[in-house]
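Chain naming here is simple, since letters A, B, ... match the order of the sequence lines and numbering starts at 1 in each.
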Amino acid sequence: MPELPEVETIRRDLAPQLEGRRICAVRVARPDILLGTAGPAAFVPRIEGSCIRAVGRRAKWLLFLLDRGVLVTQLRMTGRFAVGPGPLPPISEFRHVAAEFDLDDGRTLFYDDVRRLGGFQLLSHDEWRREEQRFGPEPLAADFRARELAAAIRHGRLPVKNALMDQSRLAGVGNIYASEALHAARIDPTRPAEGLTDDEIRRLHRSLRRILRDSLDSSGTTFSSYRAVNGRSGSFQDLLKVYAKEGTACPRCRSEIRRIVQSGRSTFYCPGCQV
DNA sequence: CTTGTACCCTGACCGC
DNA sequence: TGCGGTCAGGGTACAA
């Protein structure tokens, strides 16, 4: 379940291995990972021969900035990458390889996706610029202050947890970090976003940024399926306070952590200290 | 405009 | 041992 810290971890793993490389050949074993209208017949020749100038990230999307456009990648739930020296995936866990990209240094980039909810789309630089406008601000950007958080989420009767996860309001936050940030800020996840006080916004801003940074320092949360590149695990799951901790004691007030469902997603919170 | 729901997909897990 | 049902949640399409 890659959110901002997980996708950024993958970007940092991939960038030094891929930047400056040319893609010589592409194989798409599972065409349904090609998002949008393009099938392999249109996709493959547009990628082959292109050079990877940089590996980027916006929200939870990983970006391969090519000389001919932007290869946009969504990992959704189970998408993973590995880079190997030969024609076979370097780790045995890659049993659902959906696409392979041969590089000009003899190595191959493998994309594996059990559920195939993720995938690729090649956009022109102009198309990506327009697409990118749909996202809210990046919460780890240097100029993202409490004022920017308030402008992004403090409107509407939507519960604050859903507001945090709405990618058009705020980029990169998903189910795990929304629950964790609200617990750290002592805010009830069901509260309408428009009702947060200035002090609560300041607490949420600090908590959210600290948790995203700490998770990045831990290479993300390997809870079920997420891995960094080549199967590497993150360790932030060891530092979670409420996510998937239903029935355990809140580390702050010892009340019992509860699980509720908001918009079909699990929310974990402490009824004792989140008000 | 906002808000809610169904759907895509497979593997892990549970109860019988 | 098998087997059906449920759940996981990212984003998107569509309805109200």
Atom CZ of Arg80(A) and atom C1' of dG11(B) are separated, to the nearest Å, by 12 Å
Item to complete: Look at the side-chain N and O atoms of Arg157(A) and state whether any lies under 4.0 Å from the OP1 or OP2 oxygen of dC1(B).
Response: no
Can you find a donor-acceptor pair, distance only, under 3.5 Å between Arg95(A) side chain and dG11(B) base? no
Side-chain atoms of Arg134(A) come closest, of dT12(C), dC8(B), dG11(C), to dT12(C)
In whole angstroms, the gap separating C1' of dG9(C) from CZ of Arg115(A) amounts to 7 Å
Practice item. Return no unless some side-chain N or O of His96(A) is found under 4.0 Å from OP1 or OP2 of dG11(B). Key: yes
**Q.** Gap in Å between the two P atoms, one belonging to dG9(C) and one to dC13(B), rounded
**A.** 15 Å
Open item on the list: Quick one about Asp188(A) and Thr190(A) (side-chain donor to acceptor, distance below 3.5 Å, no hydrogens or angles considered), yes or no?
Closed with: yes
Next on the checklist: With a 4.0 Å limit, can you tell me whether Arg116(A) has a side-chain N or O closer than that to the phosphate oxygens OP1/OP2 of dT10(B)?
Outcome noted: yes
Query raised in the report: How far, in whole Å, is dC14(C) from dC9(B) if one measures between their P atoms?
Result: 16 Å
**Q.** OP1 or OP2 of dT10(B) under 4.0 Å from side-chain N/O of Arg76(A)
**A.** no
Can you confirm whether or not the ring centre of Phe101(A) sits under 6.0 Å from the ring centre of Phe120(A)? yes
Would you classify Leu158(A) as touching base, sugar-phosphate or nothing, given that sugar-phosphate means primed atoms plus P, OP1 and OP2, and contacts are heavy atoms under 4.0 Å? sugar-phosphate
Between Val242(A) and Phe268(A), the two heavy atoms sitting closest are O-CB, 3.2 Å
Between CD1 of Ile176(A) and C1' of dA8(C) the distance, given in whole Å, is 11 Å
Separation of dG11(B) atom P from Leu117(A) atom CG, nearest Å, is 12 Å
Touch class at under 4.0 angstrom, heavy-atom based, for Ser266(A) against every strand present = sugar-phosphate
Quiz item: Are Trp128(A) and Leu34(A) co-members of a hydrophobic cluster defined by side-chain heavy atoms under 4.5 Å apart?
Solution: no
Next on the checklist: Would you say the rings of Phe64(A) and Tyr111(A) are close, in the sense that their centroids are separated by under 6.0 Å?
Outcome noted: no
Q) Side chain of Arg265(A), base of dA8(C): donor and acceptor closer than 3.5 Å? A) no
